[in-house]
Amino acid sequence: MPTPPVILLLSGSLRAGSSNEAVLRTAYDVAGDARTNAVLYDGLAELPHFNPDDDTDPLPAPVAELRAAIDRSAGILICTPEYAGTLPGSFKNLLDWTVGGTEIGDKPVAWVNAAAPGRGSGAEATLRTVLGYTGADIVESACARIPVDQGMLGTDGLITDAGVRRQLVEVIRLLAAARHPTRK
């Protein structure tokens, strides 16, 4: 039996109780239903400010860990808020650290926009631009708008809405299916 693909879950939010984090923790919870494994990356706050002079061997440990997690994954699912019409600075910093590596090149990537209707398009546009520079393979069919509000969360912080949970299973399934035969 083949090993299920691993989907790396990247949150663009540092805020406790973030709806973006809830989306990804719920995706982690339902990943088995999509016949995948998931890893929730939690090192966003530890990444140093990007400096091209530091993008050399040996890499700062948090950057090496990020790149290794990307390399081990079959695909990446992102959920990030929008701040001031674009990506949060901390998440843009994470993405900047991926530009100099080769790990994300041709890797299937998708995102879930959890913002209220009419919001979040600036973050999506910036994400699309930056991912283009990294060489990521954006899986359009797996990118989704799934608005989440605090009323959808259970006491465990996971999304309880069955429809949203099914949507997340489908997003993960589409992302995992986008793997090239030569990928892990």
Side-chain angles (χ1 to χ4, degrees), residues 6-34 36-51 59-70 72-73 75-98 104 109-128 130-131 134 136 142-172 175:
V6 173
I7 302 300
L8 181 62
L9 308 173
L10 296 178
S11 175
S13 181
L14 293 171
R15 187 174 65 82
S18 160
S19 58
N20 297 281
E21 187 78 18
V23 166
L24 293 179
R25 289 188 316 119
T26 304
Y28 179 86
D29 191 54
V30 301
D33 295 342
T36 65
N37 290 324
V39 172
L40 186 58
Y41 176 76
D42 63 358
L44 181 61
E46 283 76 42
L47 289 170
H49 294 289
F50 177 72
N51 179 341
L59 289 168
V63 176
E65 292 165 13
L66 168 66
R67 288 187 180 176
I70 292 170
R72 287 189 301 267
S73 70
I76 300 169
L77 180 60
I78 296 168
C79 192
T80 184
E82 176 179 281
Y83 293 142
T86 191
L87 295 173
S90 57
F91 193 67
K92 173 65 167 65
N93 184 59
L94 178 148
L95 293 173
D96 286 344
W97 278 111
T98 69
I104 202 169
V109 177
W111 59 79
V112 171
N113 181 336
R119 301 189 67 183
S121 60
E124 281 185 29
T126 305
L127 190 54
R128 182 178 301 284
V130 176
L131 288 172
T134 69
C143 294
R145 286 183 168 262
I146 306 174
V148 173
D149 62 56
Q150 296 299 315
M152 301 171 103
L153 305 181
T155 57
D156 58 1
L158 298 177
I159 298 169
T160 58
D161 182 274
V164 169
R165 292 174 71 86
R166 281 192 301 276
Q167 283 180 287
L168 290 172
V169 169
E170 185 61 15
V171 163
I172 295 168
L175 183 57

(message) Quick check for you: to the nearest 0.5 Å, what is the distance between Cys143 atom SG and Arg128 atom CZ?
(response) 6.5 Å

(request) Decide yes or no for Leu153 and Thr160: does some side-chain heavy atom of the first lie under 4.5 Å from some side-chain heavy atom of the second? (result) no

(request) Nearest 0.5 Å please: distance from the CG atom of Asn37 over to the CG atom of Leu8. (result) 12.5 Å

(message) Are Thr98 and Leu66 packed together at the side-chain level, in the sense that at least one heavy-atom pair is separated by less than 4.5 angstrom?
(response) yes

(request) Determine, for Asp161 against Arg165, whether the closest basic-nitrogen to carboxylate-oxygen distance falls under 4.0 angstrom. (result) no

(message) Tell me the closest heavy-atom pair linking Leu24 and Cys79, and the distance in Å.
(response) CG-CB, 3.8 Å

(message) Are the side chains of Leu131 and Trp111 in contact, using a 4.5 Å heavy-atom criterion?
(response) yes

(message) According to side-chain hydrogen bond (donor to acceptor under 3.5 Å, both in side chains), who are the partners of Glu124, at least two apart in sequence or on a separate chain?
(response) Asn113, Arg145

(message) Rounded to the nearest 0.5 Å, what separates atom CG in Asp29 from atom CG in Leu158?
(response) 5.0 Å

(message) Could you check whether any side-chain heavy atom of Pro88 comes within less than 4.5 Å of a side-chain heavy atom of Thr80, counting everything from C-beta outward?
(response) yes

(request) Work out which heavy atom in Ala31 is nearest to a heavy atom in Ala38; give both atom names and the distance. (result) CB-CB, 3.7 Å

(message) With side-chain contact (heavy atoms from CB on, under 4.5 Å) as the criterion, how do Leu168 and Ile146 come out once you've worked through the C-alpha distance, each side chain's angles and the decisive distance to 0.1 Å?
(response) CA-CA 9 Å; Leu168 290 172; Ile146 306 174; 3.9 Å; yes

(message) Nearest 0.5 Å, please: how far is OG in Ser13 from CD in Glu82?
(response) 13.0 Å

(message) Using the salt bridge (Lys or Arg N to Asp or Glu O under 4.0 Å) criterion, which residues pair with Arg119? Sequence neighbours excluded.
(response) none

(request) Please answer whether the main-chain N or O of Pro62 pairs with a side-chain N or O of Glu46 as donor and acceptor at a distance below 3.5 Å. (result) no

(message) For a 4.5 angstrom cut-off between non-hydrogen side-chain atoms, does Val39 reach Ser73?
(response) no

(request) Evaluate the side-chain proximity of Phe91 to Leu127: yes if any heavy-atom separation is below 4.5 Å, no if none is. (result) yes

(message) Glu65: which residues meet the side-chain hydrogen bond (donor to acceptor under 3.5 Å, both in side chains) condition with it, sequence neighbours left out?
(response) none

(message) Assess the residue pair Ile159 and Val23 against the criterion (side-chain contact (heavy atoms from CB on, under 4.5 Å)); give the C-alpha distance rounded to whole Å, side-chain angles, the decisive distance to 0.1 Å, and a yes or no.
(response) CA-CA 7 Å; Ile159 298 169; Val23 166; 3.9 Å; yes

(request) Supply the atom-to-atom distance Thr126 OG1 to Lys92 NZ, rounded to the nearest 0.5 angstrom. (result) 9.0 Å

(request) For atom CG of Asp42, decide whether the heavy atoms of other residues, nucleotides or ligands shown that lie under 6.0 angstrom number more than 12. (result) no

(request) Identify the heavy atoms of Gly12 and Leu44 that sit nearest to each other, and give their distance. (result) C-CD2, 4.0 Å

(message) Between Arg67 (side chain only) and Trp97 (backbone N and O only), is there a donor and an acceptor less than 3.5 Å apart?
(response) yes

(request) Could you pull out all residues at least two apart from Ser19 that satisfy side-chain hydrogen bond (donor to acceptor under 3.5 Å, both in side chains)? (result) none

(message) Taking side-chain contact (heavy atoms from CB on, under 4.5 Å) as the criterion, tell me which of Leu40, Leu9, Asn20 meets it with Arg25.
(response) Leu40

(message) Is the shortest side-chain heavy-atom distance between Ile76 and Ile7 below 4.5 Å?
(response) no

(message) Which heavy atom of Ile172 sits nearest to which heavy atom of Ala27, and what is that distance?
(response) CD1-O, 3.5 Å

(request) Apply salt bridge (Lys or Arg N to Asp or Glu O under 4.0 Å) to Arg166 and list each qualifying residue two or more places apart in sequence or on a separate chain. (result) none

(message) Could you go through Arg72 and Val6, starting from their C-alpha distance and side-chain angles, then the distance that decides it, and tell me whether this counts as side-chain contact (heavy atoms from CB on, under 4.5 Å)?
(response) CA-CA 8 Å; Arg72 287 189 301 267; Val6 173; 6.0 Å; no

(request) Compare all side-chain heavy atoms of Leu87 with those of Leu95 and state whether any distance is below 4.5 angstrom. (result) yes

(message) Whether the Glu21 and Ser11 side chains hold a donor-acceptor pair (N or O, under 3.5 Å, no angle test) is what I'd like checked.
(response) yes

(request) Go through the structure and list residues passing side-chain hydrogen bond (donor to acceptor under 3.5 Å, both in side chains) with Thr36, not counting sequence neighbours. (result) none

(request) Check Ala144 against Val171 and note the closest heavy-atom contact, atom names and distance. (result) CB-CG2, 3.9 Å

(message) side-chain contact (heavy atoms from CB on, under 4.5 Å) for Leu10 and Leu77? Distances and angles first, verdict last.
(response) CA-CA 6 Å; Leu10 296 178; Leu77 180 60; over 6 Å; no

(request) Any chance you could measure Ile70, atom CD1, to Tyr41, atom OH, to the nearest 0.5 Å? (result) 8.0 Å

